[in-house]
Amino acid sequence: MKTVKAKLFLSYVGGIFIILSLVAIAAVYFFDINQRANISKMLYSTLAQIQTHILEDKSLEKIDENIELHSQFLIIVQDDEVAFTSQSSHSTQKILQKLDFYDDDFYEEFHEMLEEQEHEGLIYADEYVFVVDEFEQNGDIKVFLGVNQQYFNKSMELIYTSIILFILFIFTALCVIGYFLISRTIKPLKLILEEVETLQNKPDLSQRLQEIKTDDEFEKLIISFNKMLERIENSVENIKQFSSDASHELRTPLTIIQGEIELLDLENCSLKELKSAIVKIDSEQKKLQEIIKNFLLLSRLEKEISSANTSFLDVCILEVVEKNLLAIESKNLELILDVDNELEVKFDEKYLYIVLENLLTNAIKYTHQGYIKIEAKKDKDVIALKVEDSGVGLKEDEIDKVFERFYRVDYARSDMKEGLGLGLSIVKKICDKFSCALHVSSKFGKGSCFALYFKT
Ligand code: ADP
């Protein structure tokens with residue numbers, strides 16, 4: 001079994017086969033019951049006519065002139081002698097034998113038959129179905145009226161054959177219609193498969209599946225597949241961009257280290273020159289370590305994050321502030337804290353710490369005088385955190401770019417020159433993972449405000 005079409009068709013054929021078989025069985029059963037009812041109706045109607053005939057004391061010999069017997073046989077026995085028979089004498093003998101007429105205990109059996117046929121029942125003896133009656137009219141009259149089942153079996157056989165032929169016809173017709181419908185329904189799948197196979201062999205990731213208007217799951221499948229292709233294309237582009245940026249960023253400190261080593265004339269250099277070179281090399285290797293640490297963090301963000309965890313924002317803020325207190329004091333900045341208690345947010349503590357650390361260290365780095373304000377408040381279902389500073393601020397065109405990887409505003413001041421341009425891109429990525437909205441407002445030369453809106 002290889003194709004979906006074949007599987008569907010086989011299930012369909014199996015289904016209709018079972019249904020039609022049940023219909024055939026029900027039809028045969030129904031016809032059989034109907035046949036028996038008809039026989040019973042016919043026999044009792046004729047018996048009623050015979051009864052009238054006998055009770056009116058008419059001649060028994062000519063009973064068949066007044067009563068239409070059709071396919072029925074009629075034997076009338078008067079005082080143990082056959083007074084009338086619609087059959088040949090041989091057949092009459094045969095029938096009477098089957099009815100045990102010649103047995104000694106026939107009279108008992110006859111009364112049993114009469115009891116048996118109470119409520120218009122029928123008596124069966126081999127191939128015969130019959131009814132009996134008894135009259136006390138000019139002696140003892142016993143009536144045997146019946147039909148040979150074989151006669152009816154023939155007509156039933158005809159009905160059964162008709163049913164089977166009819167069912168076979170319906171079955172074939174349904175198979176053809178089913179095959180046609182299944183082929184038509186499955187057709188888009190074939191087209192999709194062909195297109196996917198063609199796309200597979202093309203290196204161009206910008207190719208998309210052609211949309212088919214089927215207004216069903218196939219159309220949705222194509223749309224989803226195209227969306228997935230778009231995501232893959234974006235991811236690949238991102239990875240390419242990231243590798244090119246990363247190699248560029250890694251190359252800069254490595255070039256500086258290499259330059260320092262090449263310039264150093266170990267034979268003739270003074271201790272001061274040696275120390276200065278080592279300090280530079282150490283600073284660059286620290287930069288390398290920082291870059292690698294951030295790369296690892298970025299790659300871990302893709303898989304490690306679980307948004308089921310919660311943490312307390314107020315507790316995290318205090319820890320981060322405590323850690324950076326010396327840096328704030330050393331720059332003589334005023335620290336304003338306006339933080340509510342018990343601010344539980346749907347955010348993993350480890351990543352919340354990274355976000356807060358980045359925002360606060362940036363605020364310290366890019367503020368030379370004035371204040372840093374941290375505000376965290378709960379408003380209905382949302383907890384808002386604002387990290388505001390009176391620092392250098394950002395120009396309008398820089399605001400959107402600060403979340404791009406490796407983006408840095410070019411500053412002349414040496415303490416602001418330090419940085420990789422990765423911090424805010426990591427913050428953004430983490431916030432996206434925890435469905436936390438992030439907004440920046442800034443005025444060049446006046447200060448910036450980074451606002452986060454957490455789910456509770
Ligand atoms: P960096 O390591 O350079 O600080 P970030 O990704 O953290 O990298 O920041 C990207 C850029 O955004 C920085 O170079 C800086 O120009 C700007 N920036 C970030 N925070 C602030 C702030 N609080 N005030 C002004 N500019 C900021």
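Whatever order the structure lists them in is the order used to number ligands and atoms, beginning at 1. Along the sequence shown, the residues carry numbers beginning at 1. Everything numeric here is computed off the predicted structure, so don't read it as measured data.
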**Student:** Which residues pass the side-chain contact (heavy atoms from CB on, under 4.5 Å) test with Glu195, not counting sequence neighbours?
**Tutor:**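 Residues passing side-chain contact (heavy atoms from CB on, under 4.5 Å) with Glu195: Leu209, Gln210.
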**Student:** Can you give me every donor-acceptor pair (side chain of residues 11-26, partner residue at least two apart or in another chain, under 3.5 Å) with its distance?
**Tutor:**
residue	atom	partner	partner atom	Å
Ser11	OG	Lys7	O	2.8
Tyr12	OH	Leu174	O	2.8
Ser21	OG	Phe17	O	2.6

**Student:** Check whether the side chains of Asn234 and Glu237 place a donor and an acceptor atom closer than 3.5 Å, and report yes or no.
**Tutor:**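 Not at all, the side chains of Asn234 and Glu237 share no donor-acceptor pair under 3.5 Å.
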**Student:** Would you please test Lys220 and Asp216 for salt bridge (charged side-chain N to carboxylate O under 4.0 Å, His left out) and show each step?
**Tutor:** CA-CA 7 Å; Lys220 283 185 193 160; Asp216 57 16; over 6 Å; no
**Student:** Ligand 1: which protein N/O atoms lie under 3.5 Å from its N/O atoms?
**Tutor:**
residue	atom	partner	partner atom	Å
ligand 1	2 (O)	Leu420	N	3.1
ligand 1	2 (O)	Gly421	N	3.2
ligand 1	3 (O)	Tyr366	OH	3.3
ligand 1	3 (O)	Arg408	NE	2.4
ligand 1	3 (O)	Arg408	NH2	3.1
ligand 1	3 (O)	Gly421	N	3.4
ligand 1	4 (O)	Asn362	OD1	3.2
ligand 1	4 (O)	Lys365	NZ	3.2
ligand 1	4 (O)	Tyr366	OH	2.8
ligand 1	6 (O)	Gly423	N	3.3
ligand 1	6 (O)	Leu424	N	2.8
ligand 1	7 (O)	Asn362	OD1	3.3
ligand 1	7 (O)	Asn362	ND2	2.8
ligand 1	7 (O)	Leu424	N	3.4
ligand 1	8 (O)	Gly421	N	3.3
ligand 1	14 (O)	Tyr366	OH	3.3
ligand 1	14 (O)	Val409	N	3.4
ligand 1	16 (O)	Tyr411	OH	2.8
ligand 1	20 (N)	Asn362	ND2	3.3
ligand 1	23 (N)	Asp389	OD2	3.0
ligand 1	24 (N)	Ser448	OG	3.3

**Student:** Applying side-chain contact (heavy atoms from CB on, under 4.5 Å), can you list everything that pairs with Glu375, at least two apart in sequence or on another chain?
**Tutor:**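 Testing Glu375 for side-chain contact (heavy atoms from CB on, under 4.5 Å), a comparison that skips the adjacent residues, returns Asp338, Lys373, Lys377, Lys386.
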**Student:** So, do His439 and Tyr453 have ring centers that fall under 6.0 Å from each other?
**Tutor:** yes
